[in-house]
Novice: 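One structure, as structure tokens, below. Some questions next.
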Amino acid sequence: MEKAEQTVMDPAGEVDFNGSKLELAKGLHKFQMKMEAFFIKKGYILLLIGFLLGRALILAKLTPFSLPFFAAVYLIKRDKAPLALIGLTAGAFTLSMMNAASVFGICFIFLFAFRVSKKWLKNEVRALPVYTFFVLAIGKIAEAYIVSGQLSLYDAMMAGVEASLGFILTLIFLQSLPLLSISKRRQSLKTEEIVCLIIMLASVMTGTIGWSVYDLSVEHILSRYLVLLFAFVAGATVGSTVGVVTGLIFSLANVSSFYHMSLLAFSGLLGGLLKEGRKLGVACGLLIATLLIGMYGEGTGTLLKTVLETGAATVLFFLTPQALTGKLARHIPGTPEYAAEQQQYMRKMRDVTAQRVAQFSTVFQALSKSFSSHDNPIDWDGEEREMDYFLSNVTEKTCQTCFKKDHCWARNFDTTYEYMKEIMHEMDAQQGTVSGRLTREWEKHCTRSKKVLETMHQELTFYQANLKLKKQVQESRRLVADQLLGVSEVMGDFAKEIQRERENHHKQEESILDALQGFDIQIEQVEIYSLEQGNVDIDMTIPYCRGHGECEKLIAPMLSDILGETILVNSEECSTFGSGSCYVTFRSAKAYAVETGVAHAAKDGGLISGDSYSTIELGGGKYAIAISDGMGNGERAHIESKETLQLLQKILQSGIEEKVAIKSVNSVLSLRTTDEIFSTLDLAMVDLQNAAAKFLKIGSTPSFIKRGGKVLKVQASNLPMGILQEFEVDVVSEQLKAGDLLIMMSDGVFEGPKHVENYDLWMKRKIHELKTEDPQEIADLIMEEVIRSRSGLIEDDMTVVVSKIKHNTPKWASIPVQKLRQKAN
């Protein structure tokens with residue numbers, strides 16, 4: 001450590017190795033940027049590709065690459081088309097002067113025809129391959145006629161073949177040319193884009209046929225290097241595909257290279273399979289394929305030459321920088337680099353979304369505080385000010401023209417003010433009347449006492465209406481504040497939920513897969529999203545089960561034993577044909593279940609009852625039972641109670657807390673109408689994990705819990721909804737047990753029995769005498785007892801809801817997988 005410090009700090013000329021590495025990295029990066037700017041931005045790579053494609057041959061005679069490449073460059077990068085034309089002409093010139101003239105002439109004809117007819121084209125991309133086909137066919141036929149002075153059937157057929165190849169190559173180059181700027185791309189490569197890129201690279205490499213370095217074939221070295229690169233980046237599938245496509249292109253260019261396709265395909269497969277060994281493993285795959293296939297080569301030289309070509313390709317492969325392979329891998333689906341980049345992108349999107357949701361939560365919370373800050377229920381200054389306005393209006397209409405104005409308001413201000421204030425309070429409290437004593441005293445004090453009293457009575461109506469309006473505005477503010485606060489809490493919880501990543505459960509997935517497959521149960525895929533106790537979430541893909549119910553009868557019971565809790569089938573999507581798959585979701589079973597029975601009747605046996613009831617399955621393992629009784633009877637009361645429950649259900653399902661939800665419903669009911677229409681609400685929230693229950697009673701009758709031989713009463717004191725604009729919701733909590741019967745009823749049932757002084761004792765006695773535990777039978781029996789006590793008359797709407805709490809016993813018992821496996825071992 002001391003030596004390293006001296007190396008960095010010694011001013012006497014010691015070498016700074018860390019600084020040298022940094023400078024070297026900067027230099028390499030600068031060189032890379034300059035090369036990218038020269039070849040990609042300035043387009044000189046098109047010149048190089050054009051040169052190689054210009055001299056590329058198919059069957060040692062056909063040159064179908066030149067025009068498709070020029071046409072694609074002209075359409076995609078028109079300003080770089082001259083470079084492509086120069087490269088194509090120069091490459092063709094290395095073959096012969098005639099080929100160079102042919103390439104230049106055909107490209108000129110295409111350019112002329114395309115520019116002339118361009119204004120009639122609706123889709124240039126679709127028209128380009130057709131133009132290439134006809135121009136290439138006409139050009140090659142004309143070339144054959146000019147060279148030989150006649151046109152044979154063979155020449156026409158070869159021109160047709162070359163034109164067809166040109167048509168296909170145009171489509172390929174249109175897909176692959178944009179990939180040359182891959183450093184600028186962010187999206188993944190499609191399968192057809194990868195294949196097109198490989199075909200283009202193989203076509204370019206055919207331009208090196210005949211080149212050799214120290215008697216080693218350049219095209220063999222480059223093709224094997226290409227296979228090594230893609231096998232290392234994308235694995236066996238893409239590696240073998242590159243080998244097949246490259247070998248096929250080379251075999252078309254030179255029939256003697258046909259065996260080379262087997263070598264490249266096999267080396268791509270082996271290299272991809274040995275990818276876990278990094279570059280050395282991929283290189284070993286190529287060497288093994290070379291030794292196995294090279295011994296069967298025909299007319300390609302000795303085995304030593306083939307091995308040397310493989311060695312040269314391996315050296316190029318090892319010299320390839322990691323940055324290039326990593327950049328290429330990030331755009332090929334299925335690679336770890338691609339998955340990591342996608343995961344990073346998804347994580348970024350998740351974080352941004354969570355941040356925005358949290359920001360919205362903060363905004364709603366601030367808005368709620370803003371509305372609450374103006375919500376002061378005791379505003380004494382406001383009341384005094386309203387009183388002054390009221391008295392000002394009265395005195396303006398009465399005292400302004402009175403001759404004793406100065407005597408009353410200048411000399412005896414306090415006395416006059418207190419008298420009028422007292423009169424106003426008595427009128428307000430006694431519905432417009434004033435006591436005799438105060439009337440006599442006022443008549444002695446005021447000469448216009450009757451007129452003042454009449455005016456005060458008139459103004460009092462406006463004063464009361466104004467106060468009522470202000471209270472409604474105040475309640476509106478409170479409603480908005482409560483709703484905003486509830487939304488803020490829901491969005492805050494949602495933001496936290498978004499930030500929870502899916503945990504990696506690879507080991508658990510493998511253990512579950514092995515355990516199930518050990519009992520000959522075929523499982524294609526297992527995905528675990530959560531293993532939290534009571535919140536297990538597992539998806540499985542299994543082969544078509546032919547409707548035998550394997551998931552419910554075998555897999556779920558086995559999972560129950562493996563995970564130590566009851567697991568049930570939550571959803572199942574089965575294929576309708578034998579070759580398909582079934583997709584199954586397994587979830588934790590709730591510890592408790594609720595069985596409900598209901599009995600209800602309308603007043604006088606009518607069809608429409610003013611009572612409404614609902615059983616609501618909420619998220620998070622909660623179950624809600626609610627009864628609402630609209631004021632009065634008939635259709636209006638039915639609509640009122642039904643809307644109360646629907647509004648409550650929607651608010652509860654959004655995730656807002658129960659107390660806030662009830663306050664919100666109350667505020668809506670009290671503000672939406674001026675009619676004297678009220679509703680009661682009896683709500684029970686049962687947690688299915690631990691059977692804890694919360695009772696919220698708004699103007700409703702007591703509920704009863706029957707536990708064995710005991711009957712417990714649940715009661716809370718709250719006025720019906722819509723009467724008071726502000727009230728506190730009393731919440732009564734009870735711990736229920738398996739076997740408990742929860743009995744809820746409307747006032748028509750509780751107060752229905754005739755000639756009964758104590759309804760509580762009567763109802764407790766009837767419930768205690770019940771011999772059955774079936775919820776529906778209990779509801780029917782209670783309803784029948786009440787109607788009988790009224791001699792068969794139904795004098796009010798009646799509703800009874802009976803819920804039984806019981807353990808959630810699965811249909812199929814768990815299978816002891818672990819014990820069976822231990823015995824087998």
Side-chain angles (χ1 to χ4, degrees), residues 590-600 611-618 621-629 645 648 652 658-659 662 680-718 729-753 756 758-786 798-809:
K590 305 304 178 187
Y592 295 88
V594 178
E595 182 183 353
T596 304
V598 181
H600 59 94
D611 296 347
S612 295
Y613 66 90
S614 178
T615 55
I616 311 167
E617 188 80 34
L618 301 175
K622 290 186 178 181
Y623 189 84
I625 309 157
I627 298 177
S628 178
D629 181 6
L645 288 185
L648 177 67
L652 287 175
E658 300 87 5
K659 292 176 69 173
I662 289 179
T680 65
L681 179 64
D682 193 358
L683 175 65
M685 301 280 293
V686 182
D687 192 332
L688 298 180
Q689 290 293 354
N690 54 18
K694 291 181 180 179
F695 296 89
L696 296 93
K697 294 182 170 293
I698 313 298
S700 59
T701 57
S703 299
F704 298 91
I705 300 173
K706 186 173 188 289
R707 181 177 297 161
K710 297 181 179 180
V711 179
L712 308 176
K713 185 175 77 168
V714 180
Q715 188 173 9
S717 56
N718 289 311
V729 179
D730 292 336
V731 180
V732 179
S733 299
E734 292 286 344
Q735 180 60 53
L736 302 180
K737 298 180 180 180
D740 286 357
L741 290 166
L742 172 60
I743 303 167
M744 303 166 63
M745 62 193 73
S746 64
D747 58 350
V749 176
F750 182 73
E751 300 173 357
V756 173
N758 193 323
Y759 297 115
D760 287 351
L761 291 177
W762 187 88
M763 191 59 68
K764 280 186 177 181
R765 181 169 59 84
K766 291 298 179 183
I767 293 173
H768 186 271
E769 292 173 355
L770 293 171
K771 303 300 182 183
T772 180
E773 291 189 353
D774 182 78
Q776 188 59 53
E777 292 180 2
I778 292 174
D780 293 337
L781 288 172
I782 292 175
M783 180 75 73
E784 184 179 353
E785 285 288 340
V786 175
M798 300 195 301
T799 301
V800 183
V801 178
V802 181
S803 299
K804 183 177 182 180
I805 311 300
K806 58 183 181 179
H807 286 297
N808 187 16
T809 305

Novice: Hey, are the side chains of Met763 and Ile782 touching, using non-hydrogen atoms and a 4.5 Å cut-off?
Specialist: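 In contact.
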Novice: Measuring from Ile805:CD1 to Leu741:CG, what's the distance to the nearest 0.5 Å?
Specialist: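 The distance works out to 8.5 Å.
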Novice: Out of curiosity, Glu784 CD to Glu777 CD, how far, rounded to the nearest 0.5 Å?
Specialist: 11.5 Å
Novice: So, for Ser733 and Lys694, which heavy atoms are closest and what is the spacing to 0.1 Å?
Specialist: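 Scanning both residues completely, I find the closest heavy atoms to be OG-CG, 4.2 Å.
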Novice: Could you check Leu683 against Leu648 for side-chain contact (heavy atoms from CB on, under 4.5 Å), going step by step and ending with a plain yes or no?
Specialist: CA-CA 10 Å; Leu683 175 65; Leu648 177 67; 4.2 Å; yes
Novice: Heavy-atom count around Lys764 NZ within 6.0 Å, excluding the residue itself: above 12?
Specialist: yes
Novice: Ser703 pairs by side chain to side chain donor-acceptor pair (under 3.5 Å) with which of Glu734, Gln715, Lys697, Lys713?
Specialist: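 Of the listed options, the one satisfying the test is Lys697.
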Novice: Within the distance-only criterion (no hydrogens, no angle test), does the side chain of His768 pair as donor or acceptor with the backbone N or O of Lys710 below 3.5 angstrom?
Specialist: no
Novice: Looking only at heavy atoms, which two atoms of Tyr759 and Phe750 are closest? And how far apart?
Specialist: CD2-O, 3.4 Å
Novice: Using every non-hydrogen atom in the two residues, find where Ser803 and Ile625 come nearest and quote the distance to one decimal.
Specialist: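 Residues Ser803 and Ile625, closest heavy atoms: OG-CD1, 3.2 Å.
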Novice: Check this for me: does any side-chain nitrogen of one of Glu785 and Lys766 sit under 4.0 Å from a carboxylate oxygen of the other?
Specialist: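 Salt bridge flag = yes for Lys766 with Glu785.
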Novice: So does Lys737 get a backbone contact from the side chain of Asp740, meaning a donor-acceptor N/O pair under 3.5 Å?
Specialist: yes
Novice: If you measure from OG1 on Thr615 to OH on Tyr623, what distance do you get to the nearest 0.5 Å?
Specialist: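 Here the rounded value is 4.0 Å.
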Novice: Out of curiosity, Leu742 CG to Leu712 CG, how far, rounded to the nearest 0.5 Å?
Specialist: 11.0 Å
Novice: If you define the side chain from C-beta out and look only at heavy atoms, does anything of Leu681 sit under 4.5 Å from Leu696?
Specialist: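 No, too far: nothing below the 4.5 Å cut-off.
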Novice: Between Trp762 and Val786, is any pair of side-chain heavy atoms under 4.5 Å apart?
Specialist: yes
Novice: Pick out which of Ile705, Ile767, Asp760 makes a side chain to side chain contact (heavy atoms under 4.5 Å, CB included) with Val711.
Specialist: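 That would be Ile767; it is the only one of Ile705, Ile767, Asp760 passing the side chain to side chain contact (heavy atoms under 4.5 Å, CB included) with Val711.
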Novice: Applying side chain to side chain donor-acceptor pair (under 3.5 Å) to Thr701 and Asp747, what does each step give before you reach the verdict?
Specialist: CA-CA 6 Å; Thr701 57; Asp747 58 350; over 6 Å; no
Novice: Does the Gln735 side chain pair with the main chain of Asn690, one donor and one acceptor, at a distance under 3.5 Å?
Specialist: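 Here the side-chain-to-backbone pair exists.
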Novice: Say you draw a straight line from CD1 of Ile743 to CG of Leu770; how long is it, rounded to the nearest 0.5 Å?
Specialist: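 The CG atom of Leu770 is 6.5 Å from CD1 of Ile743, to the nearest 0.5 Å.
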Novice: Once rounded to the nearest 0.5 Å, what's the spacing between atom CE of Met783 and atom CD1 of Ile778?
Specialist: 14.0 Å
Novice: If I compare all heavy atoms of Val598 with all of Ala779, which pair ends up nearest, and what's the gap?
Specialist: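 Looking at all heavy atoms of both residues, the closest pair is C-CB, 4.1 Å.
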Novice: Considering only heavy atoms from C-beta outward, does the side chain of Tyr592 approach that of Asn808 to under 4.5 Å?
Specialist: no
Novice: Return the minimal non-hydrogen interatomic distance between Ile627 and Ser746, and the atom names on each side.
Specialist: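 Closest pair (atom of Ile627, atom of Ser746, distance): CG2-CB, 4.5 Å.
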Novice: Side-chain contact, heavy-atom cut-off 4.5 Å: Met745 with Phe704?
Specialist: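 Yes. Closest side-chain heavy atoms under 4.5 Å.
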Novice: Between Asp780 and Ala599, what is the shortest heavy-atom contact and its length?
Specialist: OD1-CB, 3.6 Å
